[in-house]
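Just below is one structure, and these are the notes that go with it.
All figures in this text were calculated on a predicted structure; none of them were measured in a lab. Chain identifiers are assigned alphabetically (A, B, ...) following the order of the sequence lines, protein sequences preceding nucleic acid strands; residue numbering begins at 1 within each chain.
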There are 2 protein chains.
Amino acid sequence: MVPANAAVKIPLEMPVVEKRVRNRAATEQAILDAAKRLLAEEGFQNFGINAVARGAGCDKQLIYRYYGGLNGLVEAIGTDLGSWVTDRIPDDTGGMFLLTYGDLMERLSMLFLDALRADPLMRRIVAWEVSENSEQVRRLSEARSKALAGWIERMRGSLVPPKGVDAQAVNAMIFAAIQHIVLAAAVSDQCAGLALKNGKDWEKAATALKRIVRGVYG
Amino acid sequence: MVPANAAVKIPLEMPVVEKRVRNRAATEQAILDAAKRLLAEEGFQNFGINAVARGAGCDKQLIYRYYGGLNGLVEAIGTDLGSWVTDRIPDDTGGMFLLTYGDLMERLSMLFLDALRADPLMRRIVAWEVSENSEQVRRLSEARSKALAGWIERMRGSLVPPKGVDAQAVNAMIFAAIQHIVLAAAVSDQCAGLALKNGKDWEKAATALKRIVRGVYG
DNA sequence: CCACTCTGTCACCGAGCGGTGAATAACAAG
DNA sequence: CTTGTTATTCACCGCTCGGTGACAGAGTGG
């Protein structure tokens with residue numbers, strides 16, 4: 001018969017520990033995933049080597065080995081980001097015919113608004129961009145804006161903005177408005193006194209946005 | 001007899017030390033000033049008890065004693081902030097007659113744009129607002145938005161927005177655009193591909209902004 | 001078997017952080 | 001001078017951070 005106290009020293013919880021296998025590729029992926037998850041959920045404030053290693057369940061040394069430190073890891077995130085636009089934003093016209101530049105910008109605005117609202121990682125990166133000017137964030141920023149510009153170019157097709165309007169400047173304003181309003185909503189459910197909690201609030205915001213676009217581009 | 005190595009401990013640079021006088025009010029002010037300067041110049045990232053004390057040239061203990069810690073200090077900054085609007089933004093119409101709501105919003109946009117561009121502290125606070133949701137930043141945020149709302153109300157006078165336009169939502173968008181574009185410019189001299197370095201660039205941005213306002217409000 | 005590489009872990013370092021208890025120095029009142 | 005109050009500094013704590021060198025073990029080739 002087995003003694004009662006033998007229970008404490010048997011197999012030593014072998015089954016529980018999830019034996020870590022030797023697999024570099026998987027570990028690298030785990031680190032990258034942990035980094036993205038951490039950045040998305042906690043923001044850039046507490047984003048560091050120790051936190052990522054903790055999140056990935058491995059030693060931080062591996063981050064140095066495989067990515068050359070935090071910088072390299074951020075760069076890897078940036079590379080991943082290149083596919084963000086193509087993943088999250090539809091590349092077609094959603095079955096509509098975009099006859100005018102106004103049609104195009106209205107649709108682009110709505111797509112970008114929804115995509116940004118749905119992606120916490122992207123939001124955190126945008127917030128990071130306007131808060132700091134380190135080498136790290138500059139890399140991220142560049143990757144993001146490049147992907148975005150490509151997407152817009154692709155959607156634009158042969159449509160051209162009306163004469164007499166500085167489309168680049170106006171569009172920068174529109175995208176700035178979208179980014180800021182989404183960021184503000186994410187942290188405080190409002191922006192400049194405008195509530196942004198439920199779907200109805202966002203309807204109003206979207207309508208206002210469309211109103212602005214149409215006011216400029218007709 | 002005095003040992004030779006006693007020389008190292010004599011007068012101890014008395015004359016150099018700039019004798020600190022006992023003056024609580026002055027010290028409190030020094031702390032508050034240091035805090036604002038530090039936040040404006042370095043941003044919220046490295047904003048902490050130690051840094052503020054170092055900047056004020058006093059011991060951090062005094063911050064606990066006089067302000068009850070960082071929270072209290074931030075609150076004091078918020079109180080100060082109440083007077084920001086009245087200090088930095090003219091309260092009159094600049095000699096113009098604001099006949100329509102469009103006139104009003106155009107002028108408000110320009111004033112707010114210039115004021116924000118000129119005030120690094122305010123910019124840092126806005127960036128902080130969209131990056132974090134701590135108790136501290138919520139206090140600041142509240143003070144800022146309250147002051148801003150009061151200013152707008154005061155400027156508005158009896159002018160009313162045109163029917164059929166959700167002015168609150170549209171204005172939130174406009175202010176969001178201004179804030180984001182100024183923040184982005186402050187860290188990277190550009191926003192969404194639009195260069196924002198010299199006065200000429202800002203002219204274009206301002207024109208685009210006015211175009212948007214006029215597009216909605218006529 | 002050995003020797004070697006590759007993956008992963010551990011222990012440690014110096015520095016900075018927020019926070020606290022006790023000492024010290026200037027002034028005021030008696 | 002003595003006593004007490006108030007402004008200011010100092011010394012220290014525990015913790016986390018980024019970073020590094022040494023080590024353990026699995027796999028691989030001879």
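- When rounded to the nearest whole Å, the span between CG of A/Leu62 and P of D/dG19 equals 15 Å.
- Residues satisfying the side chain to side chain donor-acceptor pair (under 3.5 Å) criterion with B/Tyr64, sequence neighbours excluded, are absent altogether.
- Using a 4.0 Å cut-off, some side-chain N or O of B/Thr27 falls inside it from OP1 or OP2 of D/dT8.
- The C1' atoms of five pairs define one axis at each end of the helix from C/dC1-D/dG30 to C/dG30-D/dC1, and these two axes lie 30° apart (to 10°).
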Just the table, please: protein N/O against nucleotides 21-24 of chain D N/O, every pair under 3.5 Å.
unit_1: D/dG21; atom_1: O6; unit_2: A/Gln61; atom_2: OE1; d: 3.0

Distance-only donor-acceptor pairs under 3.5 Å for side chains of residues 73-83 of chain A, two or more places apart:
unit_1: A/Glu75; atom_1: OE1; unit_2: A/Arg139; atom_2: NH1; d: 2.9
unit_1: A/Thr79; atom_1: OG1; unit_2: A/Glu75; atom_2: O; d: 3.1
unit_1: A/Asp80; atom_1: OD2; unit_2: A/Lys36; atom_2: NZ; d: 2.6
unit_1: A/Ser83; atom_1: OG; unit_2: A/Asp80; atom_2: O; d: 2.7

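- Two residues are said to be in side-chain contact when any heavy atoms from C-beta on lie closer than 4.5 Å; B/Arg22 and B/Thr27 fail this criterion.
- In this view, B/Asn71 and B/Gln136 satisfy the side chain to side chain contact (heavy atoms under 4.5 Å, CB included) rule, not counting sequence neighbours.
- Rounded to a whole Å, the CD atom of B/Gln45 is 14 Å from the P atom of C/dC17.
- Residues that satisfy the side chain to side chain contact (heavy atoms under 4.5 Å, CB included) test with B/Ile152, not counting sequence neighbours, are B/Leu108, B/Phe175.
- Taking atom CD1 on B/Ile63 and atom C1' on D/dT8, their separation rounds to 13 Å, with Å as the unit.
- Atom pair B/Leu73:CG and C/dG19:P shows a separation of 12 Å (rounding to whole Å applied).
- For B/Arg24, the salt bridge (charged side-chain N to carboxylate O under 4.0 Å, His left out) test picks out B/Glu28, with sequence neighbours left out.
- Applying the side chain to side chain contact (heavy atoms under 4.5 Å, CB included) rule to A/Val137 yields the partners A/Trp128, A/Glu129, A/Ser134; only residues at least two apart in sequence or on another chain are considered.
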Show which side-chain atoms of residues 182-195 of chain B pair as donor or acceptor with protein atoms under 3.5 Å away, not counting sequence neighbours.
unit_1: B/Ser188; atom_1: OG; unit_2: B/Ala184; atom_2: O; d: 3.1
unit_1: B/Ser188; atom_1: OG; unit_2: B/Gln190; atom_2: O; d: 3.3

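- Rounded to an integer number of Å, the gap from CG of B/Asn23 to C1' of C/dA26 is 13 Å.
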Below 3.5 Å is the cut-off: list the nitrogen or oxygen pairs between protein and nucleotides 15-18 of chain D, distance only.
unit_1: D/dC17; atom_1: OP1; unit_2: A/Arg54; atom_2: NH2; d: 3.3
unit_1: D/dC17; atom_1: OP2; unit_2: A/Arg54; atom_2: NH2; d: 2.7
unit_1: D/dG18; atom_1: OP2; unit_2: A/Ile49; atom_2: N; d: 3.4
unit_1: D/dG18; atom_1: OP2; unit_2: A/Asn50; atom_2: N; d: 3.1
unit_1: D/dG18; atom_1: OP2; unit_2: A/Asn50; atom_2: ND2; d: 2.6
unit_1: D/dG18; atom_1: N7; unit_2: A/Asn50; atom_2: ND2; d: 3.4
unit_1: D/dG18; atom_1: N7; unit_2: A/Lys60; atom_2: NZ; d: 3.3

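- Taking the side chain to side chain contact (heavy atoms under 4.5 Å, CB included) definition, one finds that A/Asp119 meets it with A/Trp84, A/Arg88, A/Leu121, A/Met122, sequence neighbours left out.
- Looking only at distances, no side-chain donor or acceptor of A/Asp59 sits under 3.5 Å from a matching main-chain atom of A/Leu62.
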Could you give the side-chain donor-acceptor pairs of residues 38-51 of chain B under 3.5 Å, partners two or more places apart or in another chain?
unit_1: B/Gln45; atom_1: NE2; unit_2: A/Glu132; atom_2: OE2; d: 2.8
unit_1: B/Asn50; atom_1: OD1; unit_2: B/Lys60; atom_2: NZ; d: 3.1

